[in-house]
Amino acid sequence: MTSLASGERRAGIDAAVSQLADLFGDRLSRSPSILDIHGRDESWHGTLPPDAVFFPESTDEVARAVRVCAEHRCPVIPWGAGTSVEGHTAPLHGGVTFDLSGLDRILEVNADDLDCRVGAGVKRKQLERALYDLGLFFPIDPGADATFGGMASTRASGTTAVRYGTFRDAVLGLTVVLADGQVIRTGTRARKSSAGYDLTRLFVGAEGTLGILTEVQLRLWGRPDKIVAAVCPFGSLAGAVETAMEVVQLAIPVARIELLDAAMVDAVNRYSDRSDPVQPTLFFELHGSPGAVAEQTEMLREITASHGGGDFAWSGEQAEREALWHARHHALYASLALRPGCKAFSTDVCVPISRLGDVLPESQADARSEGLLAPIVGHVGDGNFHMILIFDPDDRGERATVERVNERLVERALAAGGTSTGEHGVGFGKIEWVEREHGDAVDVMRRIRRALDPDQILNPGKIFRG
């Protein structure tokens, strides 16, 4: 990959970097190793280092640095933990990456009101540990130990969305630095409001193209009295999918319902030293009072049995549950381990739950017909699934095949009334699909972006063209 910075922009970048170095000293880094780390993510996209990396420690410092970059029209790329998978943080036009990991303080916890405020650099597990003794938890779990700024910016989701919703549903307000360095605060601690435009939802999912998120006000939940996890194998993929659909349609309040096809179960077994039957499998988790969990358990037994489900393996022990979800969260690495040296083209379409039974098996058959290794894992409770297409990046023919299969997958999802990305976001990897999905509405997005960032310095080249 090659930076697209023009000669004029290059001069501005150099001037901004020099001025930032004068202002912030060694917290503005041009070390090759630091630049390399900030030029890649977890995706198959290549490495593209920024011109410099800035490590701010407060909202005020972010604002001061943005004003310098705005003066010189230098691109600004926000960076959290580097766990995104669609090139969100690639400096396509050069510029300065703002590593927000130093904004890592939990600023307040209001236990009585079930909310908290955290710096953008706070990570999910850090907050989990801080809340545990208070009997509280934050349920949105995208798998990676991502930062809250990054999760808000990509509108993250994950395994618990079927019960607790996505990150969009958990954000009460934000502190945002705009493209001119102005700092604004959106939302309040109130659970609802009819006052003005909903700017919070505008910035959630904007991937750093409208402003840099420095603080996030979050909803919290009480920790359930009882948590039980279960694994159930099925004789067919169709039986597993039909079970997931029925569980959702009957409004059984499962906290997680994850589908792994046989290929993914095999990969996870090898990588995480498990011994689950190599069959299509559903992972469940139930939250609630002991009585409610017992009732949900019996309902799940009846539904799974009616669709060819095998024996359940149940566990209420925390260590066993954590091991189960640790294995699930490492599905990407488990898939990559099947072909060492290869890359993963990770898809993440989402469709209405009633269409899952058509789209998922058709997509699996399509990948197989092309001879691809393509394990599937899905948050099927909300119609979202990932096909992890493993390919040799040096084999042009194989990469072309992967891209064709992905194209057909997305077209299948859109035709079913779904979306090209249920949780990964757009970055620059899914720009084509966003434009197909939203049509003329993309022009409205462009106008909003130009109004807030007329010089296009905030993460340019992401979400849509122009």
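Index from 1, following the sequence.
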Flag side-chain contact, heavy atom, 4.5 Å: [X] against [Y]:
X	Y	result
Arg328	Leu260	yes
Ser346	His424	yes
Ile140	Arg124	no
Leu414	Glu437	yes
Ile353	Asp382	no
Pro75	Leu92	no
His330	Tyr271	yes
Leu360	Leu259	yes

Is [X] reaching over with its side chain to a backbone N or O of [Y], donor-acceptor style, under 3.5 angstrom?
X	Y	result
Asn269	Asp276	yes
Glu423	Cys350	no
Glu207	Thr154	no
Asp51	Gly94	no
Lys462	Ala90	yes
Ser369	Asp366	yes
Asp455	Ile457	no

Practice task
Mind running side-chain hydrogen bond (donor to acceptor under 3.5 Å, both in side chains) on Thr214 and Thr59 for me, showing each step along the way?
Solution key: CA-CA 6 Å; Thr214 61; Thr59 295; 2.9 Å; yes
Say whether [X] and [Y], considering side chains only, have a donor N or O and an acceptor N or O under 3.5 Å apart.
X	Y	result
Thr421	Asp348	yes
Asp261	Gln364	yes
Thr160	Arg163	no
His88	Asn459	no
Arg321	Ser315	no
Thr200	Thr186	yes
Gln19	His72	yes

Practice task
Run the numbers on Glu362 and Arg368 for salt bridge (Lys or Arg N to Asp or Glu O under 4.0 Å), then give the verdict.
Solution key: CA-CA 10 Å; Glu362 289 172 9; Arg368 285 179 175 172; over 6 Å; no
Show the atom names and distances, to 0.1 Å, of all donor-acceptor pairs under 3.5 Å that link a side chain in residues 236-243 to residues at least two apart or in another chain.
unit_1	atom_1	unit_2	atom_2	d
Ser236	OG	Gly239	N	3.0
Glu242	OE1	His307	ND1	3.4
Thr243	OG1	Gly239	O	2.9

Exercise for the section: List the steps and the verdict of salt bridge (Lys or Arg N to Asp or Glu O under 4.0 Å) for Arg339 and Asp392. Expected result: CA-CA 9 Å; Arg339 287 187 68 186; Asp392 180 352; 5.2 Å; no
Exercise for the section: Answer yes or no for Arg465 and Phe428: cation-pi contact, defined as NZ/CZ to six-membered ring centre under 6.0 Å and angle to ring axis within 45°. Expected result: no
Handout entry: Test side-chain contact (heavy atoms from CB on, under 4.5 Å) applied to Ser363 and Phe385, step by step
Key = CA-CA 11 Å; Ser363 301; Phe385 70 91; 4.0 Å; yes
Exercise for the section: Carefully, step by step, assess Cys69 and Phe98 under the rule side-chain contact (heavy atoms from CB on, under 4.5 Å). Expected result: CA-CA 11 Å; Cys69 291; Phe98 282 42; 4.3 Å; yes
Got a second to check how far [X]'s [atom1] is from [Y]'s [atom2], nearest 0.5 Å?
X	Y	atom1	atom2	result
Arg9	Gln456	CZ	CD	8.0 Å
Leu452	Arg447	CG	CZ	13.5 Å
Glu86	Glu42	CD	CD	12.5 Å
Ser31	Asp36	OG	CG	9.5 Å
Glu258	Met264	CD	CE	10.5 Å
Thr47	His38	OG1	NE2	13.0 Å

Basic-acidic side-chain contact under 4.0 Å: [X], [Y]:
X	Y	result
Glu61	Arg27	yes
Asp145	Lys125	no
Glu71	Arg67	no
Glu435	Arg446	yes
Asp395	Arg399	no
Arg219	Asp169	no

Practice task
Check the surroundings of atom CG in Asp22: do more than 12 heavy atoms from other residues, nucleotides or ligands lie under 6.0 Å from it?
Solution key: yes
Practice task
Check the surroundings of atom CZ in Arg274: do more than 12 heavy atoms from other residues, nucleotides or ligands lie under 6.0 Å from it?
Solution key: yes
Handout entry: The single option from Arg436, Lys430, Arg412 passing salt bridge (Lys or Arg N to Asp or Glu O under 4.0 Å) against Glu407
Key = Arg436
Practice task
Could I get the full list of ring-ring contact (aromatic ring centres under 6.0 Å, His included) partners for Tyr164, not counting sequence neighbours?
Solution key: Phe137, Trp221, His287
Practice task
Answer with yes or no after comparing the ring centroid distance for Phe138 and Phe148 against a 6.0 Å cut-off, counting only values under it.
Solution key: yes
Practice task
Please confirm whether His386 and His379 have ring centers closer than 6.0 angstrom.
Solution key: yes
Problem - Those residues that, when tested against Arg155, pass salt bridge (charged side-chain N to carboxylate O under 4.0 Å, His left out) (two or more places apart) - result: none
